[in-house]
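What follows is a single structure, written as structure tokens, with notes after it.
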Amino acid sequence: MPPIPDPSDDTQAGLAPAGAFSATERAAIYRVIETRRDVRDQFLADPLSDELVTRLLAAAHAAPSVGFMQPWNFILVRDQAMRQAAWEAFSKANDEAAEMFSGGERELYRSLKLEGIRKAPLSICVTCDPDRAGPVVLGRTHNPRMDVYSTVCAVQNLWLAARAEGVGVGWVSIFRDEDVRRLLGIPERVAIVAWLCLGHVDQLYSEPELAVRGWRQRLALDDLVFSECWQGD
Ligand SMILES: Cc1cc2c(cc1C)N(C[C@H](O)[C@H](O)[C@H](O)COP(=O)(O)O)c1[nH]c(=O)[nH]c(=O)c1N2
């Protein structure tokens, strides 16, 4: 066992001054958050450099995780035949999804572009390994889903870093897990969290595309914030 650090000794505990961000830096963070978009069709064909991909993955890997378990893996898929196969899994599931809507809503659904798997030069399948830190994980003892939540934090870090780098990201979740599992050889015990399409972009929607296309509008923040207790129905 390594010696237990004395928390009252700042140097020993690894503490450093928190520092402050300038107004410009703060504004940049909020601008990245507000202008991040889900990208389906605006991908340019130019490949992403290895250095850029490494920076994005490092941003993902800096995410918080329950018990610091870092349960994620990132499967990089550049091969066109693999992306074509993933698109076929999407296409089959998307046909099934369309049937779940009716009338005008089905028609509108059918008109939406909901992936960029073949157009984006890189896909990243983000997975969550529930066994990464052994059977008992600090902070996950009463809610086993915390490992997947941690992995979603990694996805969001990557998404924001990508926005700052001029890289578009599209999250695709319309497929049967078994199809992607088979395609990428992912073991049954490992959860598939996200299929992300990545590519450079020079244009982005200024509002969510689903809102622009009339599928669903942004809710008012005031309606979502409760004081002291649940005030919904
Ligand atoms: C877990 C999860 C899963 C999906 C998504 C997001 C998330 C968080 N989104 C993107 C989603 O539609 C989008 O985030 C919202 O419409 C808001 O738009 P912006 O992200 O602000 O552009 C998404 N979009 C899409 O076209 N096909 C998809 O399969 C999915 N799946």
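For ligands, and for the atoms within them, numbers begin at 1 and follow the listed sequence.
The nearest heavy-atom contact from the protein to atom 31 (N) of ligand 1 is Ser173 OG, 2.8 Å. Protein heavy atom in closest approach to atom 16 (O) of ligand 1: Leu210 CD1, 3.5 Å. For atom 17 (C) of ligand 1, the nearest non-hydrogen atom of the protein is Pro208 CB, 3.8 Å. The protein heavy-atom contact nearest to atom 20 (O) of ligand 1 is Arg36 NH1, 2.9 Å.
Taking the six-membered ring wherever Trp is involved, the centroid distance between the rings of Phe101 and Tyr109 falls below 6.0 Å.
Looking at Glu115 next to ligand 1, no N or O pair under 3.5 Å apart turns up. The shortest N or O to N or O distance between Arg37 and ligand 1 is below 3.5 Å. Not one N or O of Glu209 is nearer than 3.5 Å to an N or O of ligand 1, by distance alone. Inclusion of Asp38 in the set of residues having an N or O under 3.5 Å from an N or O of ligand 1 is warranted. In terms of polar-atom proximity, defined here as any N/O pair under 3.5 Å, Arg218 makes no such contact with ligand 1. Polar contact with ligand 1: present for Leu114 (N/O pair, distance under 3.5 Å).
Panel note: side chain Gln231, backbone Ser227; a donor-acceptor pair is recorded below 3.5 Å. With hydrogens and angles disregarded, no donor-acceptor distance shorter than 3.5 Å links the side chain of Arg40 to the backbone of Gly170.
Protein heavy atoms are found inside the 4.0 Å sphere centred on atom 4 (C) of ligand 1.
Listed by atom number, the atoms of ligand 1 under 4.0 Å from Val172 heavy atoms are 28 (C), 29 (O). Close contacts of ligand 1 with Ile174, meaning ligand atoms under 4.0 Å from a residue heavy atom, involve 29 (O).
At a 4.0 Å cut-off, not a single heavy atom of Glu207 sits close enough to ligand 1 to count as contact.
Using a 4.5 Å cut-off between side-chain heavy atoms of Ile, Leu, Val, Met, Phe, Trp and Tyr, with links allowed through other members, Met82 and Trp87 fall into the same hydrophobic cluster.
Residue Arg40 touches ligand 1 through its side chain alone, judged by heavy-atom distances below 4.0 Å.
Judged by distance alone, the side chains of Trp195 and Ser123 do bring a donor and an acceptor atom under 3.5 Å apart. No hydrogens or angles considered: nothing links the side chains of Tyr149 and Arg140 as a donor-acceptor pair under 3.5 Å. With no hydrogens or angles considered, a side-chain donor-acceptor pair links Arg163 and Thr35 at under 3.5 Å. Side-chain atoms of Gln80 and Gln84 form no donor-acceptor pair, as typed in the model, at a separation below 3.5 Å.
At a threshold of 4.0 Å, the pair Glu51-Arg55 does not count as salt-bridged, since none of the basic side-chain nitrogens sits closer than that to a carboxylate oxygen. Between Asp179 and Arg182 there is a salt bridge, with a side-chain nitrogen of the basic residue lying less than 4.0 Å from a carboxylate oxygen of the acidic one.
Taking each of Phe175, Trp171, Phe90 in turn, the one with a heavy atom nearest to atom 7 (C) of ligand 1 proves to be Trp171.
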